[in-house]
Amino acid sequence: MFLIGCHLSSSGGFLAMGKTAASLGANVFQFFTRNPRGGSAKIWPDADIAAYAAFAAENGITAPLGHAPYTLNAAAEKPNIRQFARETMAEDLAKLERIPNALFNFHPGSHVGQGVERGIELIVECLNAAVDPDGAVPVLLETMAAKGSEIGGNFAELRAIIDGVDEKIRHRLGVTLDTCHVYDAGYNIVGDLDGVLAEFDRTIGLSRLKAVHLNDSKYPFASHHDRHEVIGGGSLGTDAIAAVINHKSLRDLPFYLETPNEPEGYAKEIEILRNLR
Ligand code: FE
Ligand code: FE
Ligand code: ZN
C-alpha cells in the first residue's frame, strides 16, 4: 500500500483534516500540533477526535503526523526557551496519544553558538524530561539541512541523540527523512540513493526510519538553504523522487508532501506520485 499525503492546516480540527485528506486522494497527512510560530491551536476536543477516528477507519486514513512548532528549540541557550520546548513536547505527546496511529515529528534544535556537543546534550535532556516511557506515539527526529547552527544535518548527530537518551525511552525514538533537507545537507540522494540509505543504515539503522517528508529542493546540492520546491520543479527532479517512493527500504513508509502548494496543487502532486509508484 502506498501511504501518501501532505501537510494540512489544522485550524478546522481532525475530522476536517481527515475529510480534506480523503478529498485530495491522500491516505496520510501532517499537521502542526499548534501554531507553528507559537500559541496554541484548539484542535483536540474529544468529539472531534472520535468523529475523525470513525471517518479515518472507514476511509483508510492513517498515520497522522503531528509536527512540532518551529519555536520549539530543545537546544536553546535560554532556559525559558528550553522549558517551553519540554512543556510543549510533553503536552503535545500526551494529546497525540488520543489519536489513532499518530506520530510526532520535531526539528532536533539549533545550538545557537553553544556547539554541537552541548546542543545534543540539551536535546537529550529535553527528551528525557518530555517522553513518557509508557507512551506509544513514535517521537521522530527530522533530518535537517544543516542551516545555521541546526543539529541533525548529519546522521551521526541523530545517532548521538538516540544513544544519549534514557534507555527506557529509546524504543520510542525514530527518524523522519526529509528529501529536501538531506540533499541540501550534502547527502546525494539523486546520484546515489542506495549509498545514502546504506550510510543511514550503518549510522542509525533503517529500523528507526518511520516517515519521509517528500520535497524537491529549490537550491542545488549541499547548499544548506532549506527551501522546498514542488515535485519535479527543483534540484532533485522527478526521477530522483520516483526512485525514493519506490525504493525497497522506503516504499512501505508514509510519505508527506511539504511542497509549496495550495490543496489543489497537492491533489495534483499526489496523483502524479501515484502514477510514478
Ligand atoms: Fe520540519
Ligand atoms: Fe520537513
Ligand atoms: Zn524544510
Side-chain angles (χ1 to χ4, degrees), residues 3-10 26 28-38 41 63-76 85 88-89 92-93 96 102-110 123 126-127 137-155 157-158 161 173-187 189 196 200 204 208-231 233-236 240-241 244-245 250 253-261 266 269-270 273:
L3 296 173
I4 178 70
C6 60
H7 188 91
L8 298 176
S9 161
S10 59
V28 299
F29 62 93
Q30 177 177 264
F31 60 99
F32 282 120
T33 54
R34 55 184 78 204
N35 185 311
R37 312 263 162 221
L65 177 57
H67 193 306
Y70 294 143
T71 46
L72 189 155
N73 183 9
T88 298
M89 191 181 285
D92 287 357
L93 284 171
L96 285 168
L103 308 101
F104 177 74
N105 173 92
F106 76 108
H107 296 177
S110 292
I123 294 162
C126 176
L127 287 164
V137 173
V139 177
L140 309 185
L141 302 155
E142 181 165 353
T143 58
M144 301 308 293
K147 177 182 166 183
S149 67
E150 272 175 0
I151 292 167
N154 69 65
F155 299 158
E157 291 171 5
L158 298 177
I161 295 166
L173 294 194
V175 174
T176 300
L177 183 96
D178 186 308
T179 55
C180 166
H181 296 178
V182 289
Y183 190 64
D184 213 18
Y187 290 100
I189 56 170
V196 172
F200 187 101
I204 302 174
R208 295 272 179 195
L209 185 53
K210 303 295 183 193
V212 177
H213 282 167
L214 197 61
N215 303 306
D216 212 322
S217 175
K218 206 176 190 65
Y219 286 91
F221 179 62
S223 54
H224 309 293
H225 277 296
D226 188 3
R227 288 289 298 281
H228 301 189
E229 187 48 280
V230 295
I231 298 301
S235 57
L236 270 70
I241 297 284
V244 165
I245 61 172
L250 305 176
L253 297 172
F255 294 92
Y256 304 85
L257 293 161
E258 302 175 310
T259 46
N261 271 310
Y266 279 134
E269 282 190 346
I270 289 165
L273 290 161

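Both ligands and their constituent atoms are indexed starting at 1 by order of listing. In what follows, residues are counted from 1 in the order of the sequence shown.
- The Zn ion (ligand 3) has an N, O or S atom of D226 under 2.8 Å away, backbone or side chain.
- Per residue H181, closest N, O or S atom to the Zn ion (ligand 3): atom name NE2.
- Nearest N, O or S atom of E142 to the Fe ion (ligand 1): atom OE1.
- When distances to the Zn ion (ligand 3) are checked against a cut-off of 2.8 Å, C180 contributes no N, O or S atom below that limit.
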Report the C-alpha distance between Y256 and H7 in whole Å, list the side-chain angles of each, state the deciding distance to 0.1 Å, and finish with yes or no for side-chain contact (heavy atoms from CB on, under 4.5 Å).
CA-CA 7 Å; Y256 304 85; H7 188 91; over 6 Å; no

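- Considering D178, D226, T179 in turn, D178 is the only one that fulfils the side-chain hydrogen bond (donor to acceptor under 3.5 Å, both in side chains) rule with N215.
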Using the rule given for ring-ring contact (aromatic ring centres under 6.0 Å, His included), can you reason through Y187 versus F155, listing the C-alpha separation, both sets of side-chain angles and the distance that settles it, and then say yes or no?
CA-CA 10 Å; Y187 290 100; F155 299 158; 4.0 Å; yes

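- Between the OD2 atom of D178 and the ND1 atom of H213, the angle centred on the Fe ion (ligand 2) amounts to 100° when rounded to 10°.
- Per residue E258, closest N, O or S atom to the Fe ion (ligand 2): atom name OE1.
- In terms of heavy atoms, M89 sits closest to C126 at CE-SG, 3.9 Å.
- With the Fe ion (ligand 1) as the vertex, NE2 of H67 and NE2 of H107 span 100° to the nearest 10°.
- Note: H107 and H67 have perpendicular aromatic rings, judged against thresholds of 30 and 60 degrees for the angle between ring planes.
- Within the model, atoms CD1 of I4 and CD1 of I270 stand 6.0 Å from one another, a figure rounded to the nearest 0.5 Å.
- Taking backbone and side-chain atoms together, H213 has no N/O/S atom less than 2.8 Å away from the Zn ion (ligand 3).
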